[in-house]
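Each remark here refers to the structure printed beneath this line.
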Amino acid sequence: MLDIKLLRSNPEKIKEALKQRKADAASFGKFAEIDSEWRKLTLEIDELRARRNKASESQAKDGKELREKIKELEEKKRTAEEQLNLILLQIPNIPDSSVPAGKSAEDNVEIRRSGKPPCFTFTPKPHFEIGEKLGILDFERATKVSGSRFVILKGLAAKLERALINLMLDTHTKENGYTEVFPPILVNTKSMQGTGQLPKFEEDLYHCSDDLWLLPTAEVSVTNIHREEILSINDLPLKYCAYTPCFRREAGSYGKDVRGLIRQHQFNKVELVKFTEPEKSFAELEKLTLDAEKILQKLGLHYRVVELCAADLGFASAKTYDLEVWFPSQGRFREISSCSNFEDFQARRALIKFRRDAKAKPEFVHTLNGSGLAVGRTLAAIMENFQKEDGTFEIPEVLNAHL
RNA sequence: GGAGGAGUACCCAAGUGGUUCAAGGGGACGGUUUGCUAAACCGUUAGUGGGAGCAAUCCCAGCGAGAGUUCGAAUCUCUCCUCCUCCGCCA
């Protein structure tokens, strides 16, 4: 959520910024109108209430009339407030000034590369062929059990999945200084609103009974750990890592990546989340990205870091680096991690603040997160990059300690 | 799921319709004293959100959340949430 004061004082700046990310500026066309209506009502109500307070002090009898008038105006104010809130919750974050302009994902900027693509003396196979042939990936039965875009990992694949999770968690906790948490996987509506999944992206989410939602990413429950809290500056930066399954409906991606582990309704991910002071968040984003990269380096996978252009940024993000890993069967890089600085966008929605010292006014923290990494895609990348002509694949040395 | 109980500010806590437009204590912060620390004493302390104003400042909201009754609600009524105790069920 953006600062409402910014919307009042400088709407043009925001409209300009939103154009960059192809968001519709029309979404808050009525903002000014409704906002001034709201302020007018607020003033009127406050004055009436002041009069009522005076009247009740002297036990005068004209309070009834005032009460009815107040009730009427409050009703109107509530309506305006709801509309205003809906507008505010649907406006995306403003891209940071360092973010490159662009029209689409084509305009993302490569920042750096690590390693080299593997050379094959044969035509490399896609991971799902390798896995099905080895009997360790079973898409057919998973479809029977659940539906399309599900998989059953069997034997070595299941074991590798677990080893990867452990490698990631151990690296982030022991080497990168994150605190491991295992959060709820079902969350309430307020949490989904806090990080920005709702109200706008309901169609991407699984909604359960009792008004609970399945996590699309651990970002939601981990960031909301500190919702409506005032943190001490001594605790910053707070760094958490969490392994959770993630659930996405993938509405609107029919026909995309239909085969294999790349795009599943359920997948495992290790997530990194940080809470920082505003002036440190961009430096922390660089570090967080390096933390995620470290896993790919340990596994010996070829990857590149890409800075997303304004048009490709996620709803809540001010700046994002994607890590993309090489997939030999496709001859291209695919996203395996996304590391973002949300600045105070999520903190404002979720009311996460900190105090610089005992007397200071609370300020919003900055929140960041990144995948460290998407586990299924990592497994797929290992199978493809380290495959041998006989249809088997090598297991990176570093995983042995975790198998 | 059933039956009870509770939720007041950073913490503990008084308060069942109008000098409580939220006592008291602890803590925290500031000060006096002191070579330093502690103690003692004095003072400050609901944070927050919102509105008006160039500003000093003024006003409004707020006792778990929301609605209601009333001239007036922490206090009465209803709904919901959370926690605790007992019973039942359960990995």
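Note on naming: letters A, B, ... go to the chains in the order of the sequence lines (proteins, then strands), and numbering restarts at 1 for each one.
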Next on the checklist: Strictly below 4.0 Å: does A:R52 bring a side-chain N or O up to OP1 or OP2 of B:A61?
Outcome noted: yes
Next on the checklist: Pairing check on B:C76: which nucleotide meets the Watson-Crick or G-U wobble criteria with it, both distances under 3.5 Å?
Outcome noted: B:G68
Checklist outcome for this item: Pairing partner of B:A3, by Watson-Crick or G-U wobble and under 3.5 Å for both distances, is B:U85
Checklist entry - Do any side-chain nitrogens or oxygens of A:K353 fall under 4.0 Å of OP1 or OP2 in B:G49? => result yes
Next on the checklist: Looking at B:G53, which nucleotide sits across from it as a Watson-Crick or G-U wobble partner, both distances under 3.5 angstrom, or is there none?
Outcome noted: none
Checklist entry - Between B:G50 and A:R49, is there an OP1 or OP2 to side-chain N/O distance shorter than 4.0 Å? => result no
Checklist outcome for this item: note: A:D46, atom CG; B:G50, atom C1'; distance rounded to Å ~ 8 Å
Next on the checklist: Please give the distance between the P atoms of B:A28 and B:A38 as a whole number of Å.
Outcome noted: 11 Å
Next on the checklist: Under 4.0 Å, counting only non-hydrogen atoms across every strand here, what does A:R51 touch: a base, just sugar-phosphate, or nothing?
Outcome noted: nothing
Item to check | Whole angstrom value for the distance that separates C1' of B:C60 from CD of A:E81 | outcome: 13 Å
Checklist entry - Between A:R39 and B:G50, does any side-chain N or O lie under 4.0 Å from OP1 or OP2? => result no
Checklist entry - Tell me: CD of A:E74 to P of B:G51, nearest whole Å? => result 16 Å
Item to check | A:R78 vs B:A67: side-chain N/O to OP1/OP2 distance below 4.0 Å | outcome: yes
Next on the checklist: So, OP1 or OP2 of B:U70: does either fall under 4.0 Å of a side-chain N or O from A:R67?
Outcome noted: yes
Checklist entry - Would you call the rings of A:Y240 and A:F275 parallel, tilted or perpendicular, where under 30° means parallel and over 60° means perpendicular? => result perpendicular
Checklist entry - Heavy atoms under 4.0 Å, any strand shown: does A:R8 hit a base, just sugar-phosphate, or nothing? => result sugar-phosphate
Next on the checklist: Among B:U69, B:A61, B:G50, which nucleotide has an atom closest to any side-chain atom of A:K71?
Outcome noted: B:U69
Checklist entry - So, the side chain of A:R248 versus the backbone of A:D204: is there a donor-acceptor pair under 3.5 Å, distance only? => result no
Item to check | C1' atoms of B:A13 and B:A22, separation to the nearest Å | outcome: 12 Å
Checklist outcome for this item: Partner of B:C29 under the Watson-Crick or G-U wobble criteria, both distances under 3.5 Å, comes out as B:G43
Next on the checklist: Rounding to an integer number of angstrom, what distance separates B:G18 and B:G72 when you compare their P atoms?
Outcome noted: 14 Å
Item to check | Aromatic plane relationship, A:F150 with A:H265 - under 30° parallel, 30 to 60° tilted, over 60° perpendicular | outcome: tilted
Next on the checklist: Below 30° counts as parallel, above 60° as perpendicular, anything between as tilted: where do the rings of A:F182 and A:Y243 land?
Outcome noted: tilted
Next on the checklist: What verdict does the side chain to side chain donor-acceptor pair (under 3.5 Å) test give for A:N268 and A:E161, after you've listed the backbone C-alpha separation in whole Å, the side-chain angles of each residue and the deciding distance to 0.1 Å?
Outcome noted: CA-CA 8 Å; A:N268 291 313; A:E161 182 91 357; 2.7 Å; yes
Item to check | For B:G24, the Watson-Crick or wobble partner whose two distances fall under 3.5 Å | outcome: B:C12
